[in-house]
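Here's the structure we're looking at; comments come further down.
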There are 2 protein chains.
Amino acid sequence: MRPNLAPEMKNMWNILSMIEKTSTGTTRAAIAKQLDLSRTTVSNIATQLMNMKLVEELESEVNGRGRPGIPLRLTDSEWFSLGASFHGGCWHFILTTLDGTIVQEHRESLAGDSVDLFIDSLLEGIACMLKTVPGKLIPLIGIGTPGLVNSDTGVIVRADDMGWKKVDVYTPVLERFSIAPFVLNRHRAAGLGEARFGSGKGVSSLIYIGIGNGISAAFINDGILLEGANFCAGEIGHMLIDPNGPLCGCGRYGCLQAYSSGLALIRILKERYSSLLAGEDPLPENVLWNAIENKTLNAELIVKEAIQGNDVAIECLEKISIQLGIAVSNLINTLNPQKIIIGGTLSNPGSLLTDLIRKEAERRAMRSPFSSVQIEQSYLGYKAGALGAATLPLRHKLELILPLTNGS
Amino acid sequence: MRPNLAPEMKNMWNILSMIEKTSTGTTRAAIAKQLDLSRTTVSNIATQLMNMKLVEELESEVNGRGRPGIPLRLTDSEWFSLGASFHGGCWHFILTTLDGTIVQEHRESLAGDSVDLFIDSLLEGIACMLKTVPGKLIPLIGIGTPGLVNSDTGVIVRADDMGWKKVDVYTPVLERFSIAPFVLNRHRAAGLGEARFGSGKGVSSLIYIGIGNGISAAFINDGILLEGANFCAGEIGHMLIDPNGPLCGCGRYGCLQAYSSGLALIRILKERYSSLLAGEDPLPENVLWNAIENKTLNAELIVKEAIQGNDVAIECLEKISIQLGIAVSNLINTLNPQKIIIGGTLSNPGSLLTDLIRKEAERRAMRSPFSSVQIEQSYLGYKAGALGAATLPLRHKLELILPLTNGS
DNA sequence: ATTATTTTGTTCATTAAGTTGACAAAATAA
DNA sequence: TTATTTTGTCAACTTAATGAACAAAATAAT
């Protein structure tokens, strides 16, 4: 995650970033003005980028007085970027052009949750995607996984919700495909996706919160992910909400995750069900009670029902959004972000959870930092993770392309 | 706070930073090796820096084989940097050499806490310091103040513990001395001081926590302070500890500050006193009871007594360190810092509070991020603020010096 | 319709910054 | 005393960026 470009490539990088930002295209003159460079310099670097087939010219558009400029945009037929991310028990794969347009999507469902299946499906999916690349692939694959990841080694240190420890993702991928993977936490990947292509575009201080079975966040400043000393930065699931709260999987009491994750949502609903069963009144008709009895209940279903107007589901969602609101207001008070994006399995079905969290956070956050923060639902939904993972190849491995293309 | 140097000054900046880090001096060859530059380049830039009187040569030290290198260090007699910070009801002023050696110190006590007195004392103190500068002053003054500061405008937006709103610090200083001030929150200034000269030297992800009447933090990554959308990042005093906790000055319940600030410490001790008074037993002898009766009690005294072994004081300190430990463990879990430094009025008298916080945090934080964090007491103590403020001139306004000296 | 104006992208000479290679100076090791 | 190693500097060369000049392509003015 350290953008470690040689200093002489700095202008090239900046120019590329500017081109990246406007899908309709930017002219050389506009870039020169914005980056405070001479048109000559921009022109020279632009021809280099065009020789590398990273950038191409569009039809010149006539708008004002003077000779019309020729818009430049990222090539959409030469280079491609591959990202994978694991959500809701399956691997999502996305192949994009340089500007993030999705070219190909794929999903691999897992039959169980063993480590071997996890790795095998990943390899299977990558192999499948590699066949479809209609050009050159940037020689790096972004991979979002559950748990705490050491991105230097590409090893999942621990993934509590899966019950895993020390899962090496790096070696199998490298050995099978001779392409280095960049492995990171899936919610952090999703955060990067939102920052680049979603509702975080152009936001300088951003927090993405992924709410699924676990709860994690990504702190992103100026497009750069805060990693912390061992890549654990963002693990807000174990923020303490109430010292007297319920037992969390980590062994402590009152963690956010114990109140408000997908697992907690299911627990709350089941408690409600039991107490109704124990009561005297007849059980009112409800899809969710059937789901409990059929053992088909999952957190996403509860959220979907809530969005449909199912009162019981809404109540449960309101319950978990209290602690989420507390956590969000803590983040607002202490980190003063410009925008907070709520994503993950519990947010994707609709904006209800985000609305509830916003309402709670407004009650609890300080006025000054709250007035300057926007709280929004994830825009990319379940695609955020794989898209974010796919940003890593271009974002951090431009050096890999340059020698490859410069030499030829 | 945006180090916005022209790209061509990047090497100069890096070389200066390397020289800055070693007080004993670094040779040109060592710098070249470290920064991966040619010795020629370093030599050229070094002569420029020497012409600017920012750097000077020391006696060459003979250690290994080969021609001995000539150590370079920051000049200590040409340029000086002035910082001011407001703590414990008085302004602290520090004049330093470029490498942070303190040349002159001064303190201005305030007779009250009106805004006018606050500004007048600041101007008075600066005037006094300016007389003592034994060379050229970097034309920027770093100023640490209570409250939320907009560092773009130099205005204190609000300082709740002082009861102030919209205090313009920038204009009076600029008008009187024709030197632009850089204004920031005092605890953030102290954090920068620790990061540069104190126990945060060389630490890449650092959190400084200042505990006084209020509680604030500075999040510093690679020497750069996280500011947030409106410079509020670090206001951890209003982190929610317990939704059912005591009323905080901000109108909400259970904020960290309501439990654990200096004001809370005094409240806790007084409650203890009242309950003892109400009891049947005779009041045991204690300096603190006298202080309450004489109205000379302040938070620092309680801390000092605790360090002396006063049981009542220790109990009170233990009480506030529970919530501080919760807050610290939240920061560890979510931000995964390399080091946490505890400073402020309640920490300066001794390491007791830090030790108590460390113990609490160990109980509550997750093992993985806790194992990689060091929790240490502030090294610079009450000098941290003014020293940190004094780092700003050099750190962010090198551009100001360069035109001044290049021209001549 | 024609000319003037504006803006773009390119060509060419120039400048600035950094690199390589050679070399004298100053230390230790043989 | 000589060989080796390391440092700092000088000269020649390379590279990236700039500014000035200019043709091309649009609109505005006459």
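The shown structure was predicted, so the numbers you read here are calculated from the model rather than taken from an experiment. Letters A, B, ... mirror the listed sequences (proteins, then strands); counts begin at 1. Values below: all heavy atoms of this structure, side chains included; hydrogens, waters and symmetry mates excluded.
- At a cut-off of 3.5 Å, with distance as the only test, no side-chain donor of S372(B) or Q338(B) sits close to an acceptor on the other residue.
- Within 4.0 Å (heavy atoms only), R39(B) reaches at least one base atom of the nucleic acid.
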E57(A) and R28(A): salt bridge (charged side-chain N to carboxylate O under 4.0 Å, His left out), yes or no, with the steps? CA-CA 10 Å; E57(A) 289 183 336; R28(A) 295 168 175 79; 2.6 Å; yes

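- Between E57(B) and L37(A), it is E57(B) whose nearest contact on DNA chain D lies nearer the 5' terminus.
- Once rounded to the nearest 0.5 Å, the distance linking CG of D36(A) with NZ of K33(A) reads 11.5 Å.
- Taking a 6.0 Å sphere around CZ of F177(B), one finds it holds more than 12 heavy atoms contributed by other residues, nucleotides or ligands.
- Looking at residues two or more places apart in sequence or on another chain, you find no side chain to side chain donor-acceptor pair (under 3.5 Å) involving E78(A).
- Separating the NZ atom of K33(B) from the P atom of dT6(D) is a distance of 7 Å, rounded to the nearest angstrom.
- One distance of note links CG of L392(B) with CG of L184(B); it measures 5.5 Å at 0.5 Å rounding.
- Of the candidate nucleotides dA25(D), dT8(C), dT9(D), dT9(D) has the atom lying nearest to any side-chain atom of T40(B).
- Rounded to whole Å, atom C1' of dT28(C) lies 6 Å from atom CZ of R65(B).
- One atom, CD of Q48(B), and another, C1' of dT9(D), lie 15 Å apart when rounded to the nearest Å.
- Between S38(A) and dT18(D), a side-chain N or O to OP1/OP2 separation shorter than 4.0 Å is present.
- For I70(B) and dA24(C), the CD1 to P distance is 18 Å, given to the nearest whole Å.
- Scanning DNA chain C for stems, defined as runs of 3 or more consecutive Watson-Crick or G-U wobble pairs whose donor-acceptor distances all fall under 3.5 Å, gives the following ranges: C:1-30 with D:1-30.
- For the pair I45(B) CD1 and dT9(D) P, the interatomic distance rounds to 13 Å; values are reported in whole Å.
- Nearest nucleotide to the R67(B) side chain, out of dT9(D), dA24(C), dT8(C): dA24(C).
- Rounded to an integer number of Å, the gap from L58(A) CG to dG9(C) P is 12 Å.
- Under the 3.5 Å distance criterion, with hydrogens and angles disregarded, no donor-acceptor pair is assigned to the side chains of S151(B) and E227(B).
- DNA chain D is contacted by both T27(B) and N44(A); T27(B) maps to the nucleotide lying nearer its 5′ end (nearest heavy atom per residue).
- Taking atom CG of N14(A) as the reference point, atom C1' of dA17(D) lies 14 Å away to the nearest angstrom.
- Between S43(A) and G66(A), the one whose closest nucleotide on DNA chain C sits nearer the 5' end is G66(A).
- Counting to the nearest Å, the C1' atom of dG18(C) and the CD1 atom of I15(B) are 11 Å from each other.
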